[in-house]
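The next block holds one structure in the form of C-alpha cells; read it before the comments.
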Amino acid sequence: MKKMNAVITGISAYLPDYVLTNEEISRMVDTTDEWIMTRVGIKERRILKGEGLGTSYLACKAIEDLFRKTGTTPDEIDLVICATSTPDHVFPATAAIICGKMGIKNAFAYDIQAACAGFLTAFYNAANYIESGRHKKVLVIAAEKMSSMIDYTDRATSPLFGDGAGVALVEPTTEDVGMMDTILRTDGSGFPYLHMKAGGSVYPATHETVDKHWHYVYQEGQTVFKNAVADMADVSEEIMKRNNLVADDLAWFIPHQANLRIIDAVARRMGVGKEKVMVNIEKYANTSAATIPICLWELEPTLKKGDKLVLSTFGAGFTYGSMYLKWGYDGNKYK
Ligand code: UT7
C-alpha cells in the first residue's frame, strides 16, 4: 500500500485592520522607528480592536475565507487543532469555541500550546492523524491576539508583536507531496527567559499580580536571540541533511518571523540566499504561532506543486523545530 502523506490543500489568513505603526509606538514608549527597524526589522503590526473580540474572532475570519475558496463545508471537517498562546478563555479550548462559531459539528477539537512553534506542532499532530488513515479533513489553525498580553508601557516588548491568524486545510494524499519530515524539540530550561508569569495556576490573578505587570509577556531578549539563532539553524540544517537537500533545491525557506537579524543569521548558516527567504515581519511583526501560516498564505499564489519548502520555528519553552514540505498544488488555482 502506498504511504499516506498529509498535504495542505488550501491556506488562508486574517490580519485585523488596525495598523499600529512605529510612529504610534514611539508616542507610547521611549523608542524610535530607527531603533525598531535596525534591531528588529518591523515597521508596523496589526491590532485587533473591539470589545469582546479575541483569538477565535481572528481564526474564524481566516476559516471563512478558507471555506469559501476551497468550497469546504463545516460538516466535512473531522478534526480541528488550534495553536495559540492567547486563548479566548483559560477554558474551554479556543478550538471548541471556533467549532461553535463555525458550525463544525462532526469534529473533535483541541488547543495546542507550543508558543511560536505552535503551527508546526499542530501540523505535525494533524499529519499523524492523517497518516493513520483515521482523519480526512483537518483544520490546522494558528491564531494569536498578542496585543492582549503586551505591556504597552514596556519598550522592550511592545514593538515586537502583532495580532493575526492563519489556517491550513490538511488532507491525505498518496502522491509524493505534503509533509515529508519534521523535527520538533523542547528545551525546558528556557522558562526564565520568555514567559507570562501570572494568570496560570502558580500565580492566579490577584490585585498584586496585576500591579506588578505579571500578566504580560516577559522576555530576556538577548538570551532568546542567541538560542533562537542556534536552535533554528541546527534543526534546519539537520532536516536538510537527512533529506539530502541543498539550498539550491529549495523554493523557499520560511522561518518564524521574530527578528530580521535572527532570520538573516539562520539563513546565512544554512547557506540559503536572501531571494529564497520569506520575510514579512516588516508588515505584521511577530504574530507568534501564526507567522508561518501567514507567510504560506502570502506565498500561495506563487507556489507550484512539488515546490520544496523548509519551515523553521522557535518560541517560548523553549520549543523549536523544522519541517520539510513538498507543496501540494499550483497556488494560482485559487485566483
Ligand atoms: O518569537 C519568540 C522568540 N522571540 C525572539 O526570538 C526574540 C529574540 N530577541 C530579540 O529579537 C532581541 O533581543 C530584541 C529585539 C528583543 C532586543 O534587541 P537587542 O539588540 O537584543 O537589544 P537589547 O535587549 O540588548 O538592548 C540594547 C539596548 C538597551 O539599552 P542599553 O542598555 O544598551 O543602554 C535597551 O535598553 O537597546 C535598549 N532598548 C531599546 N531602545 C529603544 C530595548 N528596547 C528598545 C526600544 N527602543 N524599543
Side-chain angles (χ1 to χ4, degrees), residues 20-45 83-86 113-121 142-147 149-164 166 184-196 216-236 254-267 269 278-282 284-295 311-322:
L20 176 59
T21 61
N22 287 351
E23 204 269 321
E24 189 177 348
I25 295 232
S26 62
R27 281 186 264 125
M28 298 153 94
V29 291
D30 180 17
T31 191
T32 59
D33 173 62
E34 205 238 327
W35 191 95
I36 302 170
M37 278 304 285
T38 36
R39 295 293 182 116
V40 207
I42 297 168
K43 195 81 191 157
E44 56 192 42
R45 64 291 288 144
T84 187
S85 294
T86 57
Q113 165 50 281
C116 300
F119 181 73
L120 290 200
T121 308
E144 307 276 18
K145 186 182 169 186
M146 295 304 289
S147 59
M149 57 175 181
I150 296 304
D151 180 355
Y152 287 99
T153 65
D154 174 20
R155 73 173 182 175
T157 50
S158 58
L160 306 179
F161 298 95
D163 301 338
L184 288 172
R185 302 244 166 83
T186 301
D187 169 8
S189 71
F191 174 80
Y193 312 109
L194 185 50
H195 59 258
M196 184 169 97
Y216 296 122
V217 170
Y218 171 81
Q219 174 168 249
E220 286 183 27
Q222 284 192 10
T223 307
V224 177
F225 188 104
K226 281 181 205 141
N227 280 272
V229 173
D231 290 343
M232 281 170 73
D234 282 351
V235 287
S236 304
I254 305 175
H256 173 50
Q257 311 280 308
N259 186 320
L260 188 56
R261 289 184 296 136
I262 295 177
I263 295 170
D264 287 345
V266 173
R269 245 193 69 180
M278 176 59 186
V279 177
N280 63 10
I281 188 172
E282 186 168 327
Y284 306 133
N286 182 350
T287 55
S288 187
T291 64
I292 288 179
I294 291 171
C295 285
L311 285 34
S312 182
T313 190
F314 181 91
F318 299 130
T319 53
Y320 59 100
S322 60

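Note: hydrogens, waters and symmetry copies are ignored here, and every other heavy atom, side chains too, is used. Being a predicted model, the structure only gives us computed values, none of them experimental. One-based numbering, in listed order, for ligands and for the atoms of each.
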Quick check on contacts: which atoms of ligand 1 are under 4.0 angstrom from a heavy atom of Thr31? 42 (C), 46 (C), 47 (N), 48 (N)
Could you measure the distance from the CG atom of Asn259 to the CG atom of Leu160? Nearest 0.5 Å is fine. 8.0 Å
Keeping the roles fixed (side chain from Gln257, backbone from Asn280), state whether a donor-acceptor pair exists under 3.5 Å. yes
Identity of the nearest option to atom 4 (N) of ligand 1, non-hydrogen atoms only, from Gln219, Lys226, Glu34, Met232: Gln219
Distance-only side-chain donor-acceptor flag, Glu220 / Tyr218, under 3.5 Å: yes
Donor-acceptor under 3.5 Å (Arg45 side chain, Asp163 main chain): no
Contact atoms of ligand 1, heavy-atom distance to Pro159 under 4.0 Å: 48 (N)
What is the nearest protein non-hydrogen atom to atom 1 (O) of ligand 1, stated with its residue, atom name and distance? Asn286 ND2, 2.7 Å
Parallel, tilted or perpendicular: which one describes the rings of Phe318 and Phe314, with boundaries at 30° and 60°? tilted
Check: Leu194 N/O within less than 3.5 Å of ligand 1 N/O: no
In ligand 1, which numbered atoms sit nearer than 4.0 Å to a non-hydrogen atom of Ala258? 1 (O), 5 (C), 6 (O)
Contacts of Asp234 meeting salt bridge (Lys or Arg N to Asp or Glu O under 4.0 Å) (sequence neighbours excluded), chain-then-number -> Arg269
Looking at atom 5 (C) of ligand 1, what's its closest protein heavy atom, distance included? Val224 CG1, 3.5 Å
Ranked by distance from atom 38 (C) of ligand 1, the top protein heavy atom is Arg155 NH2, 3.6 Å
Heavy atom of protein inside 4.0 Å of atom 46 (C) of ligand 1, strictly below: yes
Closest heavy-atom approach to atom 43 (C) of ligand 1 among Tyr320, Phe318, Trp35, Phe314 is made by Trp35
Do you know which two heavy atoms are closest between Gly162 and Ala285, and how far apart they sit? N-CB, 4.1 Å
Right, does atom 34 (O) of ligand 1 have protein non-hydrogen atoms nearer than 4.0 Å? no
In terms of residue, atom name and distance, what is the protein heavy atom nearest to atom 25 (O) of ligand 1? Gln222 NE2, 2.5 Å
Would you say Gln113's side chain and Ala115's backbone share a donor-acceptor pair under 3.5 angstrom? yes
Test of proximity, Arg261 against ligand 1: N or O pairs below 3.5 Å: yes
Using a strict cut-off of 4.0 Å, indicate which atoms of ligand 1 neighbour a heavy atom of Arg39. 19 (P), 20 (O), 22 (O), 27 (C)
State whether any protein heavy atom lies less than 4.0 Å from atom 31 (P) of ligand 1. no
Could you identify the single nearest non-hydrogen protein atom to atom 9 (N) of ligand 1 and state the distance to 0.1 Å? Gly221 O, 3.1 Å
Restricting to salt bridge (Lys or Arg N to Asp or Glu O under 4.0 Å), what partner residues turn up for Arg185, sequence neighbours left out? Glu238
Which heavy atom of the protein is the closest neighbour of atom 2 (C) of ligand 1, given with residue, atom name and distance? Cys116 SG, 3.4 Å
Return the residue, atom name and 0.1 Å-rounded distance of the protein heavy atom closest to atom 12 (C) of ligand 1. Asn259 ND2, 3.8 Å
Check for a donor-acceptor pair, side chain of Thr291 on one end and backbone N or O of Thr287 on the other, with a separation under 3.5 Å. no
Between Thr84 (side chain) and Thr86 (backbone), is there a donor-acceptor pair under 3.5 Å? yes
Heavy atoms only, cut-off 4.0 Å: how does Thr32 contact ligand 1, side chain, backbone, both, or neither? neither
Answer with yes or no whether the side chains of Thr319 and Thr186 bring together a donor and an acceptor at under 3.5 Å. no
Give the atoms of ligand 1, by number and element, whose distance to some non-hydrogen atom of Ile262 is under 4.0 Å. 6 (O), 8 (C)
